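The model shown is predicted, which means the values in this text are computed figures rather than measured ones.
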Amino acid sequence: GNGDGSSLGGVGNDDTIYPTDLGSGGAGSYSSFGSAGGGGAIIRVGGLLTVNGFISANGFPPTPDVFYATGGGAGSGGTINISATNLGGTGALKANGGNGSAYGGAGGGGGRIAIAVAGSDSSALALAANNGTIILSGNGALPLNGGAGTIAIQEPGSGYNLTIGTSTLYAQAATQISGASPAFVS
């Protein structure tokens with residue numbers, strides 16, 4: 001997200017179906033740093049992968065500077081990239097952008113989640129790659145949230161099913177789609 005009217009930062013900018021990048025840091029303001037982007041998890045399993053826990057590549061929220069009433073931008077979500085022969089479990093995978101700070105810090109862009117299953121998929125995973133929320137500025141500046149993240153899932157014998165974000169948060173920046181040739185059905 002951008003910080004208190006400064007340059008943009010915290011954008012989702014990785015390959016859609018084979019992401020490997022960490023999340024981008026948010027932009028700072030004149031007296032407040034932006035925050036770190038989310039990490040990365042690349043998991044390859046030749047048998048059954050069962051996810052019953054929580055895998056997070058969420059971006060971080062910044063700390064506002066209350067003395068100068070400015071806020072840096074939040075970091076974007078990072079990468080979760082899973083490839084398994086068989087997939088099971090009821091866990092959660094999240095690559096959300098961090099929420100903005102008070103005093104004008106914007107939410108970070110959503111990250112990338114990619115899952116490729118070659119055999120059977122009995123999972124019921126909760127997936128989220130949302131942009132962070134905007135915090136209304138106390139000083140009149142209007143920061144812009146990053147774009148929504150992407151979730152690409154490839155089931156056995158099919159192409160990728162691409163989802164842009166997972167919520168109704170208003171993305172104020174474009175969501176970059178790279179590394180894919182999407183087909184649109186009307």
(message) Check whether Asn96 reaches the backbone of Asn130 with its side chain - one donor and one acceptor, N or O, closer than 3.5 Å.
(response) yes

(request) For residues Leu125 and Thr90, determine if any side-chain heavy atom of one lies less than 4.5 Å from a side-chain heavy atom of the other. (result) no

(message) Please find the pair of heavy atoms, one from Ser122 and one from Gly88, that lie closest to each other, and give the distance.
(response) OG-CA, 3.8 Å

(message) Once rounded to the nearest 0.5 Å, what's the spacing between atom CD1 of Ile80 and atom NZ of Lys94?
(response) 10.0 Å

(message) Side-chain heavy atoms nearer than 4.5 Å, only ILVMFWY residues, links allowed to pass through others: does that put Leu49 and Ile151 together?
(response) yes

(request) Identify the two heavy atoms, one from Ala114 and one from Ile17, that lie closest to each other, and give their separation to 0.1 Å. (result) CB-O, 3.6 Å

(request) Spell out, yes or no, whether Tyr18 and Ile153 are grouped together once hydrophobic residues are joined by side-chain heavy atoms under 4.5 Å, including indirect joins. (result) no

(message) Closer than 3.5 angstrom, by distance alone: can the side chain of Ser76 be matched with the main-chain N or O of Ser24 as a donor-acceptor pair?
(response) yes

(message) Ignoring hydrogens, what is the shortest heavy-atom contact between Ala118 and Pro156? Give both atom names and the distance.
(response) O-CB, 3.6 Å

(message) Taking the side chain as everything from C-beta on, heavy atoms only, tell me whether Ile115 gets closer than 4.5 Å to Asp121.
(response) no

(request) Indicate the atoms forming the closest heavy-atom contact of Ala95 with Gly78, along with that distance. (result) CB-O, 3.8 Å

(message) As an exercise, state the distance from CZ of Arg112 to OG1 of Thr20, rounded to the nearest 0.5 Å.
(response) 11.0 Å

(request) Would you kindly confirm whether Ile82 and Ile42 end up in one hydrophobic cluster when ILVMFWY residues are joined by side chain heavy atoms under 4.5 Å apart? (result) no

(message) Can you give me the closest heavy-atom contact between Gly75 and Ser35, atom names plus distance?
(response) N-OG, 2.9 Å

(request) For Asn131 and Gly147, indicate whether the former's side chain and the latter's backbone hold a donor-acceptor pair under 3.5 Å. (result) no

(message) Do Leu22 and Thr79 make a side-chain contact, defined as non-hydrogen atoms from C-beta onward lying under 4.5 Å apart?
(response) no

(message) Taking side chain to side chain contact (heavy atoms under 4.5 Å, CB included) as the criterion, tell me which of Thr85, Asn86, Leu48, Leu87 meets it with Ser120.
(response) Asn86

(request) Taking Asn81 for its side chain and Pro19 for its backbone only, find out whether a donor-acceptor pair lies under 3.5 Å. (result) yes

